Protein chains: 2
Amino acid sequence: MVQTWEVPATGLRERKKQRTRWALIGAALDLFLAKGYEATTIDEIVAAVDVSQRTFFRYFAGKEDVALSVMREHDQLFVATLAGRPADEPPVTALAAAIHSVLDTVRYADEDHAGRFAKVRDVIDHNPALAIAQLRYFSELEHELATILARRMDADPATDLRPTLIAATFLTVMRVAFERCARDGLFQPDEVATRIEEAFALAAETLPRAWSGG
Amino acid sequence: MVQTWEVPATGLRERKKQRTRWALIGAALDLFLAKGYEATTIDEIVAAVDVSQRTFFRYFAGKEDVALSVMREHDQLFVATLAGRPADEPPVTALAAAIHSVLDTVRYADEDHAGRFAKVRDVIDHNPALAIAQLRYFSELEHELATILARRMDADPATDLRPTLIAATFLTVMRVAFERCARDGLFQPDEVATRIEEAFALAAETLPRAWSGG
DNA sequence: GAACTTATGGCAGCCGCTGACACATGACAA
DNA sequence: TTGTCATGTGTCAGCGGCTGCCATAAGTTC
């Protein structure tokens, strides 16, 4: 499975753009790690890469978006994998398989992936403003997942809330697992993957019992 | 059950403060309704109440906070009710009872409550920026609920994820119900209450089955 | 009514973000 | 190679959210 940022650039122009883009992301993440998200100004980020502030805003919708864009590209793989799962598979099984596949990729495919993954989680989990931004991102992702699930379940997304409920609950468990990692200071893909599996096992045991009045 | 804003003001000074506070909230909500959240400037809000911008920021942490503060005060009743439920009740039963009690209060207690409730839901559901702010608020509320649930369940909130999972899932269902209302243009407490009950019934039926691989 | 506490207003300024315009730099064809 | 076109970049000017600082006004207390 190929990530967006690894698609071979067609010309010199495109290659330059990708370079600047990743330079900005790198500089931003390092600054966020070093002195905090709020304390870092856009001027500092662009100074480190030697581009103008205006250029920054041509690459990213805002300051938050730098961190989010990395997550976004990780999750493109997730969505693609989910869409490729067999259609007769139960929804939650497909979701679990997809997330498992992504985590394996992050862990074993590429040194850079693993490092970037840890860095992004570290930055997000240490900065409340970014944790909020992550919530926003999750709600976008929720809609995407709900749409895919609706298609799998032969449900009308306009009237049937079940795909949305499943997608939302799935992401909620993910988020709780992430928060657990943040609290324990765990950012490496291996460690995060383990906690996610634990959280899902616990959810499978706890939620049905709690909901059917136990 | 008494709301914060109805606690009798002790002196002239306090009474004046409450008046400006509610004047600001009223002006802000009306402006948000009339011309949208983003298009409304703080200068316009304070002009309508004839106070300085600086004063606005002494009452509210930010522009979003005006809308959130109304929700916050609704939910104080919710938290208080939850804390008062019998300790041997299953968590989800207690949550359901508490939300039911709040909705009844909003519906029948006071004309103002009902109107304000509808207005706030209307404003939030029509403005993406406020919907995001609501997510932030829900995550604060999640921590509060998890703490209360942990006490009820005799669990250590530092290591046991179950209270957090239950609180988070509960709020997720609430949020999905709200989004449903937003899509259908329903903002009156009665209508919202019905949708919330429907969403919970659907969740009770859907989630356990989905999670135990059905 | 004097002395105190506390809310308010005005100001200057930072920072995130955007539109408009001019310039520079790759892309492509003659 | 050169001219033309498309596209990315820098500069600047400006808005709006938000904050610190200090002087002043208003309510409270004795």
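Heavy atoms only: backbone and side chains are in, while hydrogens, waters and symmetry mates are out. Note that the structure is predicted; figures quoted are calculated from it, not measured. Within every chain, numbering begins at 1; the chains are lettered A, B, ... in the order of the sequence lines, protein sequences first and strands thereafter.
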Over how many whole Å does the gap from [X] atom [atom1] to [N] atom [atom2] extend?
X	N	atom1	atom2	value
B:Asp43	D:dC15	CG	P	11 Å
B:Ile45	D:dG17	CD1	C1'	11 Å
B:Asp65	D:dT19	CG	P	11 Å
B:Glu38	D:dC15	CD	P	18 Å
B:Leu31	D:dG17	CG	P	12 Å
A:Asp50	D:dG10	CG	P	8 Å

I need the minimum non-hydrogen distance between B:Ile166 and A:Ala210, along with the two atoms involved.
CD1-CB, 4.0 Å
With under 30° as parallel and over 60° as perpendicular, where do the rings of B:Phe178 and B:Phe138 fit, or are they tilted in between?
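B:Phe178 and B:Phe138: tilted rings.
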Checking all strands, does A:Ser52 fall into the base, sugar-phosphate, or nothing category for heavy-atom contacts under 4.0 angstrom?
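Touches a base.
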Protein heavy-atom contacts under 4.0 Å, written 5' to 3' over nucleotides 17-30 of chain C as B (base), S (sugar-phosphate only) or - (none), form the string BBBB----BBS---
Please walk me through it: do A:Arg136 and A:Glu140 pass salt bridge (Lys or Arg N to Asp or Glu O under 4.0 Å)?
CA-CA 7 Å; A:Arg136 173 164 64 77; A:Glu140 293 170 18; 3.5 Å; yes
Run the side chain to side chain contact (heavy atoms under 4.5 Å, CB included) check on A:Glu73 and A:Arg116 step by step: do they pass?
CA-CA 11 Å; A:Glu73 284 166 0; A:Arg116 202 150 45 220; over 6 Å; no
Which residue, B:Arg175, B:Glu64, B:Arg121, forms the side chain to side chain donor-acceptor pair (under 3.5 Å) with B:Gln134?
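Passing option: B:Arg121.
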I want to check one thing: is the phosphate of C:dT8, taken as OP1 and OP2, less than 4.0 Å away from some side-chain N or O of B:Thr55?
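Looking at the OP1 and OP2 atoms of C:dT8, neither is under 4.0 Å from any side-chain N or O of B:Thr55.
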Any side-chain N or O of B:Tyr59 under 4.0 Å from OP1/OP2 of C:dA7?
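Looking at the OP1 and OP2 atoms of C:dA7, neither is under 4.0 Å from any side-chain N or O of B:Tyr59.
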Does B:Asp104 come within less than 4.0 Å of B:Arg107, counting only side-chain N to carboxylate O?
yes
